[in-house]
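Here is the naming used below: chain letters follow the sequence lines, and residue numbers restart at 1 for every chain.
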There are 4 protein chains.
Amino acid sequence: MRCLLAADRYEKGAGVARPFFAVSFANIRMNIGKRYWAIAEGYIPPYSHGPAPQMTSHEAVCILNAGDHPAHIEITLYYETKDPVGPYRFEIAPRRSRHLRFNNFDDPETIAPDTPFSSVIVSDVPIVVQHTRLDSRQAENALLSTIAFAGEQ
Amino acid sequence: MRCLLAADRYEKGAGVARPFFAVSFANIRMNIGKRYWAIAEGYIPPYSHGPAPQMTSHEAVCILNAGDHPAHIEITLYYETKDPVGPYRFEIAPRRSRHLRFNNFDDPETIAPDTPFSSVIVSDVPIVVQHTRLDSRQAENALLSTIAFAGEQ
Amino acid sequence: MRCLLAADRYEKGAGVARPFFAVSFANIRMNIGKRYWAIAEGYIPPYSHGPAPQMTSHEAVCILNAGDHPAHIEITLYYETKDPVGPYRFEIAPRRSRHLRFNNFDDPETIAPDTPFSSVIVSDVPIVVQHTRLDSRQAENALLSTIAFAGEQ
Amino acid sequence: MRCLLAADRYEKGAGVARPFFAVSFANIRMNIGKRYWAIAEGYIPPYSHGPAPQMTSHEAVCILNAGDHPAHIEITLYYETKDPVGPYRFEIAPRRSRHLRFNNFDDPETIAPDTPFSSVIVSDVPIVVQHTRLDSRQAENALLSTIAFAGEQ
């Protein structure tokens, strides 16, 4: 299908690119992403340097809902030495991004700093999930980020 | 198919590797990558330390068009509290790399620093997309990078 | 199937989201992840700055077992100039996370610092694997992280 | 198939785990990884702080060949303003890891520092590829890493 579209585009020349894209975007808004995600790494650095909130050490999950329906999201946290906690519930409006900080999670409970965890993110519509940490425990901050693991269910 | 090629290679011995590779490369130039990508994390650090432009804090999307056709790319940005903005349009020549800095986007509008966003990248031919940030808000820079999420449409 | 569920959800309205999620979670606990993973990068920084153990330079593999069965995991290390070493064996209880530091591996042997390696992680049930390094060789720590490569066997 | 094996394992109890794994590893050594990879981001920082070679700013591609056959690898670099350069050829012995620094590439030509590029990695057998950068342009180093994009050919 992809090859067909591409070939079609080239036969007709660049002038066709715009309507071609318009169709693609409509399609993407409905579909881009997955409904099941996991982040194996999780850790809230216990202290920080620099001005809050920007430079507060934080563990974040960035979520894109590019679709036309609200995303109802449930995040469950898995720990090394206790049972899972959750779900933490969030709603993301259609065509919106949200950068959630685990530091701010408080229902059903807050997350202890300096405690390793993992998380599973479930949505009722496709979303895209990325994990980012800003660690400012020392005077200069460090960053990490990765697209989360997308489950196949 | 892959197994068949590999097995075939070993039957014939290492001497066959070169033409085998030549064929592979022709195939890759046409196909490597996807046409739909998303980056859930997006943030332009509001200030910097160190000599510009190298050490200017920046959010970048690195794109490879290894194919034989120009890539017509449209990037749409999704925000937390306003409607999507875009498309931002770029063309990448065949067999070329481009490292685009969100900091420099200006049509249809510039991107506010210190504002979370996500992005969707669409191309009319397969490309490979990677997200990188250099954060030099503090005296020493921090880096993050991840291959973007490749949609399946 | 995914589209069907989503469509179904919207016909019935948001009130259906909870039982719908309950079903999803039961499904995830059984399935999220893969059984074969690889991390091509591996390196234990040979020295550190800052208070141990938090700021000790370390190479970590974070593993989520969201399932209902214990995960029996075997990690094999591949080196540049010697034969593979392993398996290093670990068990992760059901619905638990573990953040393993390669620095602490000692059976069948400890891992030499300042020595490049790669690793393959195998589990008898699906898991999610993420690779993280904290490098505090210099006064300020640096971080990297990426979801590992999930094999398809 | 995966579910069948897992179920089978639990019926028989933990004692079966070892032969079960032995079979898995034989399978992995033949198959884990892909033959076509791409890294969209590429940049050799033009200067460094700290003792060489450890702290020399570098751009690295880490490759795992967990298989039983040597991997013949060809890397082609794509630039923003000139034609692709390559292939750079490497061989990785069976069951070995290699951490290659782009800084050291010299045939067909060296790679200019401070110049954006992308790369495509092709192997005649399955490999796993990860991209890592150590940037020590400033006094404290920064790190980034991501599993490369695996093509589907």
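For the pair D:K82 and D:Y79, the cation-pi test (distance below 6.0 Å, angle within 45°) is passed.
Residues B:R95 and B:D68 form a side-chain contact, since some pair of their non-hydrogen atoms from C-beta on lies under 4.5 Å apart. Looking at B:Y88 and B:T76, their side chains never come closer than 4.5 Å, going by heavy atoms from C-beta outward. Side-chain contact between D:D83 and D:Y78 is absent, with no heavy atoms from C-beta onward closer than 4.5 Å. A 4.5 Å side-chain heavy-atom check between D:E80 and D:P116 finds at least one atom pair inside the cut-off. Annotation: side chain of B:I111 is in contact with side chain of B:F117 (closest heavy-atom distance under 4.5 Å). Side-chain contact between D:I147 and B:I147 is absent, with no heavy-atom pair separated by less than 4.5 Å.
Note on D:L144, D:L77, D:I39: by heavy-atom pairs under 4.5 Å with chain B, the leading option is D:L144. Residue with the most contacts toward chain B among D:S119, D:S145, D:A150, D:P84: D:P84 (heavy-atom pairs, distance under 4.5 Å).
Residue B:V128 touches chain D through both its backbone and its side chain, counting heavy-atom pairs closer than 4.5 Å. Using a 4.5 Å cut-off between heavy atoms, D:D114 contacts chain B through its side chain alone, with no backbone atom that close. With a 4.5 angstrom heavy-atom cutoff, B:L134 touches chain D only via side-chain atoms. For a residue to count as touching a neighbouring chain, one of its non-hydrogen atoms must lie under 4.5 Å from one of that chain's; by this rule D:P46 touches chain B with the side chain only.
The contact list for residues 97-110 of chain B toward chain D, using heavy atoms and a distance under 4.5 Å, reads B:S97, B:R98, B:H99 by residue number.
Applying the salt bridge (charged side-chain N to carboxylate O under 4.0 Å, His left out) definition to pairs two or more places apart or across chains, those involving residues 51-65 of chain D are D:E59-D:R133.
Side-chain atoms of D:W37 come within 3.5 Å of backbone atoms of D:I127 as a donor-acceptor pair (strictly under, hydrogens ignored).
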